[in-house]
Amino acid sequence: MNVAICPGSFDPITVGHMDIIRRSSALYEHVVVAVGANLKKKPRLSAEERARLIEKVTGRFANVSVEVMEGLLVNFAREQGARVVVKGLRAGSDFESEFQQAQLNRTLYPEFETVFIMAAAEHSFLSSSAVREIASYGGEVRGLVPDEIQEIVHRLYVDEQAVANDKG
Ligand code: ADP
């Protein structure tokens with residue numbers, strides 16, 4: 001089976017990620033969304049919680065599954081029988097680090113290919129960190145995250161202290 005991995009921190013999943021997952025699911029027989037567990041970035045939610053939110057919004061894709069990923073992407077890919085990783089490319093600034101990661105991954109797993117899908121123009125400025133920033137101040141995340149999780153993101157990512165300070 002032609003399996004692809006869509007990895008990320010998904011803290012939280014955005015409509016930009018959803019677009020990449022949906023487009024990958026049209027290209028590959030199976031897509032595994034891999035939720036990074038060992039992140040230096042100190043995610044707001046645990047990997048299991050982030051995975052649960054992704055399951056909620058990808059349930060309609062029959063060939064998409066969600067897994068928590070511990071350790072290196074190449075090892076996870078081998079375990080899953082995947083030879084392809086699909087990444088979304090936004091502005092040119094994504095390129096440098098993606099290029100480096102792709103080269104390193106090929107050194108560790110020579111048959112492994114990194115495939116890039118260009119972000120939709122309307123998502124090219126969207127990131128999880130922007131969503132976190134907006135939600136932390138109690139701002140509106142409608143249209144930035146899938147509708148089904150809009151309320152929960154609003155609730156889980158709000159920082160009561162930030163809201164209080166903002167109201168001054
Ligand atoms: P990372 O920690 O690699 O930034 P993210 O969870 O932010 O992980 O993103 C996972 C993947 O989704 C990456 O390939 C990233 O380029 C892609 N991505 C993130 N936001 C968008 C977006 N708005 N449009 C398209 N792709 C995106």
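Keep in mind the model is a prediction, meaning the values are calculated, not measured. Numbers for residues simply follow the sequence, beginning at 1. Remember, it's 1-based here, ligands and their atoms both numbered in the order they're listed. Just so you know, these numbers use all the heavy atoms, side chains as well, and skip hydrogens, waters and symmetry mates.
- With H154 contributing its side chain and G139 its backbone, the two residues share a donor-acceptor pair below 3.5 Å.
- No side-chain N or O of Q100 forms a donor-acceptor pair with one of S97 less than 3.5 Å apart.
- Considering backbone and side-chain N/O atoms, T14 never comes within less than 3.5 Å of an N/O atom of ligand 1.
- Put simply, the side chain of V145 does not reach to within 4.5 Å of the side chain of I13, judged on heavy atoms.
- Each of the atoms 6 (O), 8 (O), 10 (C) of ligand 1 lies under 4.0 Å from some heavy atom of G8.
- Considering backbone and side-chain N/O atoms, R90 comes within less than 3.5 Å of an N/O atom of ligand 1.
- No side-chain donor from either of N63 and Y28 sits under 3.5 Å from a side-chain acceptor of the other.
- Of the protein's non-hydrogen atoms, the one nearest atom 18 (N) of ligand 1 is H17 CD2, 3.8 Å.
- The distance from ligand 1 to the heavy atoms of G16 drops below 4.0 Å at these ligand atoms: 22 (C), 23 (N), 24 (N), 25 (C).
- Residue contacts with ligand 1 for I20 involve side-chain atoms from C-beta outward but no N, CA, C or O (heavy atoms, distance under 4.0 Å).
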Kindly list each side-chain donor-acceptor pair under 3.5 angstrom involving residues 104-111, sequence neighbours excluded, with atom names and distances?
unit_1 : atom_1 : unit_2 : atom_2 : d
N105   : ND2    : Q101   : O      : 3.3
T107   : OG1    : Q103   : O      : 2.9
Y109   : OH     : A82    : O      : 3.1

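- H17 contributes a side-chain N or O that, together with a main-chain N or O of T14, makes up a donor-acceptor pair within less than 3.5 Å.
- For atom 1 (P) of ligand 1, the nearest protein heavy atom (residue, atom name, distance) is K41 NZ, 3.4 Å.
- For ligand 1, the polar-atom distance check finds no N/O of P7 at less than 3.5 Å from any of the ligand's N/O atoms.
- Any N or O atom pair closer than 3.5 Å counts here, and V86 shares no such pair with ligand 1.
- Enclosure of atom CD in E29 by more than 12 non-hydrogen atoms of other residues, nucleotides or ligands within 6.0 angstrom is indicated.
- Heavy atoms of C6 found under 4.0 angstrom from ligand 1: none, in either backbone or side chain.
- In this structure, the side chain of S136 does not engage the main chain of V158 through any donor-acceptor pair within 3.5 Å.
- Distances between N or O atoms of S128 and those of ligand 1 include no value under 3.5 Å.
- With sequence neighbours left out, S65 forms a side-chain hydrogen bond (donor to acceptor under 3.5 Å, both in side chains) with H30.
- Shortest contact from atom 16 (O) of ligand 1 to any protein heavy atom: G88 O, 2.5 Å.
- Scanning all heavy atoms of the two residues, the minimum distance from S128 to D11 falls at CB-O, 3.5 Å.
- Near F10, the atoms of ligand 1 lying under 4.0 angstrom from a non-hydrogen atom of the residue are 6 (O).
- Looking at E148 and R60, a side-chain N of the basic residue comes within less than 4.0 Å of a carboxylate O on the acidic one, giving a salt bridge.
- The N/O atoms of S9, backbone and side chain alike, include one that comes under 3.5 Å of an N/O atom in ligand 1.
- Residue H123 has at least one heavy-atom neighbour below 4.0 Å for each of these atoms of ligand 1: 22 (C), 23 (N), 24 (N).
- Inclusion of L126 in the set of residues having an N or O under 3.5 Å from an N or O of ligand 1 is warranted.
- For ligand 1, the atoms closer than 4.0 angstrom to any heavy atom of K87 are 13 (C), 14 (O).
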